[in-house]
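Comments concern the structure below.
Proteins come first, then strands; the chains are lettered A, B, ... in the order of their sequence lines, and each starts at number 1.
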There are 2 protein chains.
Amino acid sequence: MVPVKKFRELDENLVRQKEAAFADFIQRKGLKTTRQRNTIIATFFRLRGHISVEELLNQVKQVNPRIGYATVYRTLHLLVESALVEERRFGDGLARYEGHSDVEHHDHMICLECGEIFEFFNPRLEALQESLAEENNFQIFRHRLELYGACKDKDACQKRKARGNTAAGAE
Amino acid sequence: MVPVKKFRELDENLVRQKEAAFADFIQRKGLKTTRQRNTIIATFFRLRGHISVEELLNQVKQVNPRIGYATVYRTLHLLVESALVEERRFGDGLARYEGHSDVEHHDHMICLECGEIFEFFNPRLEALQESLAEENNFQIFRHRLELYGACKDKDACQKRKARGNTAAGAE
DNA sequence: CCGAAAATGAAAACAGTTTTCGTAATCCAG
DNA sequence: CTGGATTACGAAAACTGTTTTCATTTTCGG
């Protein structure tokens with residue numbers, strides 16, 4: 001088990017590296033560099049977790065209130081296309097975007113009480129999936145595993161639970 | 001590995017059993033039996049696989065063309081509430097409904113070439129998930145595992161592949 | 001049968017996302 | 001540097017799948 005550290009420090013160098021990689025991507029595609037896109041990606045890469053479009057737009061608006069949904073959506077699509085960001089859907093109807101992770105691939109545990117999303121990775125799990133696919137003559141391109149439930153001992157979670165205040169969100 | 005037989009015969013008795021179970025549910029909830037609902041559930045339970053609302057409505061309209069989306073949606077919600085049917089989302093934006101399966105719980109392999117959806121169940125996989133959750137003090141209520149890829153030897157799939165005709169659908 | 005309760009169907013509302021369209025910014029060629 | 005084709009922008013409209021509304025019809029226990 002390799003649980004992903006939740007409160008890893010934000011590495012400013014890593015952020016700059018990603019900004020540069022995106023600039024590269026933009027140039028390779030013959031697109032233009034714009035103030036708005038820069039604002040959006042700079043904001044996005046300095047957030048952590050699984051960001052919804054609305055969350056991102058709110059942050060972005062604090063820098064430049066004139067930026068609207070359309071540009072945020074368009075920029076996120078570019079980020080996904082550039083492979084710097086992954087789109088995820090946990091079943092509550094909103095797309096979420098994930099730009100940082102300590103491991104290349106990981107799965108998710110979603111607490112239905114507090115809404116927290118944990119990332120994890122386990123090689124045995126991956127291997128087992130591969131062997132099941134093999135048995136069925138199936139070739140896996142990618143997969144998605146989500147465990148929905150409750151974290152048993154997280155403070156935040158227990159607090160909300162006590163208030164009967166469950167996180168609607170996920171599915 | 002317990003692969004779910006794909007072309008199991010449709011057991012008319014099983015269908016009647018489910019219709020009866022739904023009738024029970026309706027009565028227990030103090031709701032009313034209607035011609036439209038009967039048409040919808042009879043049609044649904046005689047289809048197999050992962051049915052979208054549109055697919056179901058198309059079938060239903062062949063019996064009674066006056067039935068519209070609203071009633072189909074409402075009936076599907078009741079079916080889900082009655083636990084006779086499960087709602088699934090594979091990331092293409094449409095809900096799909098599943099009314100039959102040989103095993104209680106199962107996971108899915110989705111072929112991105114031909115769009116086919118296979119069901120499978122593996123106890124080791126389930127156990128491994130449980131132990132990973134345990135390690136992280138997480139209690140699983142339910143989970144979802146989807147393997148996206150290609151079936152290597154299905155005729156239908158290979159045929160479409162040859163035509164470069166991939167199934168848009170899933171994610 | 002009566003009548004309260006629930007269900008229906010058409011259409012409007014809704015949420016999240018995408019597209020359109022007129023204007024503005026970018027940036028390469030000259 | 002600029003001119004001008006190209007790309008991006010922002011506001012608003014359009015779109016998609018789903019839910020709700022509302023006037024009307026149907027169900028079913030008394």
| By salt bridge (charged side-chain N to carboxylate O under 4.0 Å, His left out) - contacts of E146(A) (at least two apart) |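 Result, salt bridge (charged side-chain N to carboxylate O under 4.0 Å, His left out) vs E146(A): R144(A), R144(B).
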| For E54(A), what residues pass the salt bridge (charged side-chain N to carboxylate O under 4.0 Å, His left out) criterion, not counting sequence neighbours? |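 Residues passing salt bridge (charged side-chain N to carboxylate O under 4.0 Å, His left out) with E54(A): none at all.
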Show the atom names and distances, to 0.1 Å, of all donor-acceptor pairs under 3.5 Å that link a side chain in residues 124-133 of chain B to residues at least two apart or in another chain.
from    : atom 1 : to      : atom 2 : distance (Å)
E126(B) : OE2    : H105(B) : NE2    : 3.2
Q129(B) : OE1    : H143(B) : ND1    : 3.0
Q129(B) : OE1    : H143(B) : NE2    : 3.4
S131(B) : OG     : L128(B) : O      : 3.0

| query | Where along residues 36-43 of chain B does a heavy atom come under 4.0 Å from DNA chain C, residue by residue in number order? | reply |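 Correct list: Q36(B), R37(B).
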| said: I need the residues from residues 61-78 of chain A with at least one non-hydrogen atom less than 4.0 Å from DNA chain C; give them sorted by number, or say none. | reply: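 Correct list: A70(A), Y73(A), R74(A), H77(A).
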| Nucleotide interval of DNA chain C bounded by contacts with chain A (heavy-atom cut-off, under 4.0 Å) |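 Listed 5' to 3', the contact boundaries are dG16(C) to dC27(C).
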| field | Qualifying residue, where the test is side chain to side chain contact (heavy atoms under 4.5 Å, CB included) with H108(B) and the options are F90(B), Y148(B), F120(B) | value |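 Running side chain to side chain contact (heavy atoms under 4.5 Å, CB included) over F90(B), Y148(B), F120(B) with H108(B) returns exactly one hit, F90(B).
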| field | Residues in side-chain contact (heavy atoms from CB on, under 4.5 Å) contact with A23(A), at least two apart in sequence or another chain | value |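 In terms of side-chain contact (heavy atoms from CB on, under 4.5 Å), with neighbours along the sequence ignored, A23(A) is linked to no residue.
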| Which residues share a side-chain contact (heavy atoms from CB on, under 4.5 Å) with E55(A), sequence neighbours left out |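 For E55(A) the side-chain contact (heavy atoms from CB on, under 4.5 Å) partners, ignoring immediate neighbours, are I51(A), S52(A), R96(A).
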| said: On the nucleotide dC9(D), are OP1 or OP2 found under 4.0 Å from the side-chain N or O atoms that T34(A) carries? | reply: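 Yes, such a contact exists.
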| request: Nearest 0.5 Å please: distance from the CG atom of L147(A) over to the CG atom of N136(B). | output: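 Result: 9.5 Å between the selected atoms.
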| query | Taking all atoms of both residues into account, what is the closest heavy-atom pair of H50(B) and I117(B), and its distance? | reply |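 Looking at all heavy atoms of both residues, the shortest contact is CE1-CG2, 3.5 Å.
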| message | So, using side chain to side chain donor-acceptor pair (under 3.5 Å) as the criterion, who are the partners of Y73(B) when residues are at least two apart? | response |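 Y73(B) satisfies side chain to side chain donor-acceptor pair (under 3.5 Å) with no other residue.
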| Validation row: F44(A), V72(A) side chains within 4.5 angstrom (heavy atoms) |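 Not in contact.
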| Under 4.5 Å between any side-chain heavy atoms of L79(B) and F45(B), yes or no? |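 Yes. Closest side-chain heavy atoms under 4.5 Å.
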| Contacts to DNA chain D from residues 19-33 of chain B, heavy-atom cutoff under 4.0 Å, which residues? |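 The stretch gives K32(B), T33(B) as the residues lying under 4.0 Å from the strand, ordered by number.
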| message | For residues 66-83 of chain A, which residue pairs pass the salt bridge (charged side-chain N to carboxylate O under 4.0 Å, His left out) check, not counting sequence neighbours? | response |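 For residues 66-83 of chain A, and leaving out neighbouring residues, the salt bridge (charged side-chain N to carboxylate O under 4.0 Å, His left out) pairs sorted by first residue read K29(A)-E81(A).
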| task | Whole angstrom is fine here: how far is it from CG in D92(A) over to C1' in dT19(D)? | result |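 Checked: the CG to C1' distance equals 17 Å.
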Compile the donor-acceptor pairs under 3.5 Å between side chains in residues 30-39 of chain B and protein atoms, sequence neighbours left out, one pair per line.
from   : atom 1 : to     : atom 2 : distance (Å)
T34(B) : OG1    : R37(B) : N      : 3.1
R37(B) : NH2    : K32(B) : O      : 2.7
N38(B) : ND2    : T34(B) : O      : 3.4
T39(B) : OG1    : R35(B) : O      : 3.0

